[in-house]
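Scope of the values below: all heavy atoms of this structure, side chains included, with no hydrogens, waters or symmetry mates.
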Amino acid sequence: MPFESLVPPGALAVERPEIHWPGYISWTIGMLLVVVLLYWLMSRGWARRGSFHSDLPELPVDPAPDAPARMVLRGRYFGSTTTEQWLDRIVTRGLGTRSTAELTLTDHGVRVVRPGARDFFVPADRLIGARLDRGIAGKVLTDGGLLVLTWRHGERVLDSGFRSDRAEEHRAWLEAVNRTAAEAAEGGRPAAPTPAPVANTGTDDASGPPAGTTGPHDQEGAR
């Protein structure tokens, strides 16, 4: 006798649970509202942070885009912060957008090209220096895994963090940027004033200093 004939009709049917549609729809709508609320809070926080840096002027433009390159680095840009405050992330002027980046060091400064984000330029005379660090703008890497350029923009001093696709390039860039900053600082110093020549009255007063020399009062004033 076939097995099917021994089983009561309907005994093999799987009982499906009934879906409580009102509760299911309410739960889905609630989750969507939570997600929307979180995104709204994030956007408000981003806008509020941007207001803190609203005084930041427009970013410099490379005055010589065809200048020969000293060095080129390809990697990622992780953001900019107020110097030595790695959580004070700058979000205005496009500096808050993380992206791939190509850095080019020239005699004029550092050119930063970012596909899909805003390019910017750091003039040599605004470079303060460079260091190797492990974190910036909330991003933490290994020790020395981040090349940080410190530069002056407007009334602020900024740290901008980069990571090369080849980490062994960091040391060479560190030395080259510091050297460029030092060269720019030396070139920007005012020339030392030339001492004024001593007036020759043409008299032979024996009580005065000989022609071409300075008296005690002149020496005291030159100290």
Side-chain angles (χ1 to χ4, degrees), residues 3-61 73-103 110-122 131-151 153-167 170:
F3 174 76
E4 290 79 1
S5 62
L6 299 178
V7 179
L12 296 179
V14 177
E15 183 178 355
R16 297 180 179 179
E18 182 181 356
I19 298 177
H20 184 63
W21 286 107
Y24 179 79
I25 294 174
S26 299
W27 182 85
T28 303
I29 293 175
M31 289 298 297
L32 290 175
L33 290 176
V34 170
V35 172
V36 170
L37 177 62
L38 289 176
Y39 273 101
W40 180 80
L41 291 175
M42 291 171 61
S43 64
R44 291 286 297 175
W46 191 270
R48 183 182 179 186
R49 181 178 290 274
S51 67
F52 295 155
H53 310 128
S54 59
D55 61 330
L56 203 68
E58 285 291 337
L59 297 175
V61 177
L73 179 151
R74 294 178 177 85
R76 290 196 62 83
Y77 167 76
F78 286 104
S80 296
T81 66
T82 302
T83 185
E84 297 183 356
Q85 298 183 29
W86 77 292
L87 290 178
D88 186 19
R89 186 176 184 180
I90 306 294
V91 300
T92 56
R93 308 302 182 192
L95 292 176
T97 305
R98 292 175 178 170
S99 62
T100 57
E102 179 180 280
L103 276 67
V110 179
R111 181 170 61 247
V112 183
V113 177
R114 301 189 294 159
R118 189 175 181 180
D119 301 340
F120 64 95
F121 178 73
V122 181
R131 70 177 188 274
L132 299 182
D133 213 324
R134 60 176 303 189
I136 194 168
K139 179 68 174 181
V140 179
L141 301 171
T142 58
D143 286 336
L146 200 68
L147 174 69
V148 179
L149 306 186
T150 302
W151 55 293
H153 183 49
E155 300 298 322
R156 296 179 181 270
V157 177
L158 307 180
D159 285 343
S160 296
F162 304 88
R163 179 174 175 82
S164 173
D165 291 337
R166 297 186 296 174
H170 288 177

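- Take Tyr77 and apply the ring-ring contact (aromatic ring centres under 6.0 Å, His included) test, not counting sequence neighbours, and it matches Phe120, Phe162.
- Atoms CG and CG, from Leu147 and Leu73 in turn, are 7.0 Å apart once rounded to the nearest 0.5 Å.
- For the pair Val140/Arg134, a side-chain contact is recorded, criterion being any heavy-atom separation below 4.5 Å from C-beta on.
- Summarising the geometry of Ser160 relative to Ile136, their closest heavy-atom pair is C-CD1, 4.0 Å, with the distance given to 0.1 Å.
- Minimum heavy-atom separation, Gly144 to Leu132: CA-CB, 4.1 Å.
- In this structure, the side chains of Leu141 and Phe78 come closer than 4.5 Å at one or more pairs of heavy atoms.
- Arg163 places no side-chain N or O within donor-acceptor distance of the main-chain N or O of Gly75, the cut-off being under 3.5 Å.
- In this structure the side chain of Arg131 reaches within 4.5 angstrom of the side chain of Thr150, judged on heavy atoms.
- Judged by distance alone, the side chain of Asp119 and the main-chain N or O of Arg114 form a donor-acceptor pair under 3.5 Å.
- Between Arg76 and Arg98, the shortest heavy-atom contact is NH2-C, 4.2 Å.
- Proximity of Leu95 to Leu56: side-chain heavy atoms (C-beta onward) are separated by under 4.5 Å at one or more points.
- Nearest approach of Gly96 to Arg89, heavy atoms of both residues: O-NH2, 2.5 Å.
- Side-chain polar atoms of Asp88 and Thr81 form no donor-acceptor pair below 3.5 angstrom.
- In terms of heavy atoms, Pro60 sits closest to His153 at CD-CE1, 3.7 Å.
- Here the side chains of Arg93 and Pro57 are not in contact, with every heavy-atom distance at 4.5 Å or above.
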